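This report concerns only the one structure given below.
For the numbers below, each heavy atom of this structure counts, side chains included, while hydrogens, waters and symmetry mates do not. Owing to the predicted nature of the structure, the values given are computational and were not obtained by experimental measurement. Order of listing sets the numbers, starting from 1, for every ligand and every atom in it. Numbers here simply count residues along the sequence, with the first being 1.
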Amino acid sequence: MNVLVTAGPTREPIDPVRFLSNRSSGKMGYELASAFAGDGHKVLLVSGPTALDVPEGVDYLPVETAAGMHEAVGHHIGRMDIAVFAAAVADYTTAAPATRKLKKSADTLRLELVKTPDILGSARQTFGFAGTLVGFAAETENLEANARDKLTRKGCDLIIANDVSQPGIGFDSNHNEVLLVYPGHARLLPRTSKHELAHQLVQAVLELHLAKR
Ligand code: PMT
């Protein structure tokens with residue numbers, strides 16, 4: 001199976017040395033890429049900047065910004081059977097990044113932000129992806145309802161929802177607990193290491209893919 005996995009944060013430039021980003025370490029996405037590759041699949045990992053080593057046997061495409069990730073995914077998703085979007089993509093980027101390092105002068109500084117492309121939302125609508133589409137949802141409230149809304153709006157087969165307000169799971173930790181939100185039902189995968197969870201997720205995604213065909 002050809003599998004695309006997105007991972008890590010994006011960096012949205014403010015000036016040549018500063019950026020807007022988030023606390024995604026990339027661990028969840030890299031563990032998923034590694035688990036798919038270990039199961040014999042051909043994996044392309046499209047990743048924002050992380051401190052992680054590229055998993056063995058995985059093709060790696062580094063990107064920096066949400067726009068860069070959108071372009072990379074758009075270029076490759078057409079030949080994929082399965083796409084899993086674990087990246088924490090910035091929802092907004094700077095309208096006009098400064099070309100020179102900003103000087104500290106005024107007491108306040110206003111940044112104008114504009115929406116980034118919704119990469120997961122583009123998969124079906126813009127890129128015409130017909131394979132198995134799996135998104136993540138990072139929520140701090142109404143986990144299942146918000147995930148179900150994303151499932152429908154973005155045309156996904158499955159949303160992997162994590163409650164990122166819980167200590168010890170989610171962003172930049174070695175563990176996670178997720179709710180698998182399918183069109184007709186939901187299933188909890190209890191807290192475990194991201195390494196172990198990735199193997200459980202690969203099985204769930206493959207079952208879904210085979211059931212779809
Ligand atoms: O990287 P780690 O430190 O291991 O942390 C893992 C994680 C918490 C980042 C991961 O488990 C996770 O939840 N990833 C999704 C984070 C996120 O940004 O969720 P969201 O609810 O804002 O986005 C919903 C979905 O749309 C996600 O699949 C996201 O990749 C995608 N998206 C979002 C915005 C955008 N412009 N384009 C997108 O494709």
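Sorted by first and then second residue, the pairs that involve residues 41-58 and meet salt bridge (charged side-chain N to carboxylate O under 4.0 Å, His left out), not counting sequence neighbours, are Lys42-Asp59. Listed by first and then second residue, the ring pair (Phe, Tyr, Trp, His ring centres under 6.0 Å) pairs involving residues 187-213 are His195-His199 (not counting sequence neighbours).
For Phe127 and His70, the distance between ring centers is under 6.0 angstrom.
Note on Lys115 versus Asp91: no salt bridge recorded, every NZ/NE/NH1/NH2 to OD/OE distance being 4.0 Å or above.
In this structure, Asp163 has no salt bridge (charged side-chain N to carboxylate O under 4.0 Å, His left out) partners at least two apart in sequence or on a different chain.
Within 4.0 Å of ligand 1, counting heavy atoms only, the contacting residues are Ser24, Ser25, Gly26, Lys27, Met28, Phe85, Ala86, Ala87, Ala88, Val89, Ala90, Asp91, Thr116, Pro117, Asp118, Ile119, Leu120, Gly135, Phe136, Ala137, Ala138, Lys150, Lys154, Asn162, Gly170, Phe171, Asp172, Asn176, Lys194.
A donor-acceptor contact shorter than 3.5 Å is absent between the side chain of Thr10 and the backbone of Val89.
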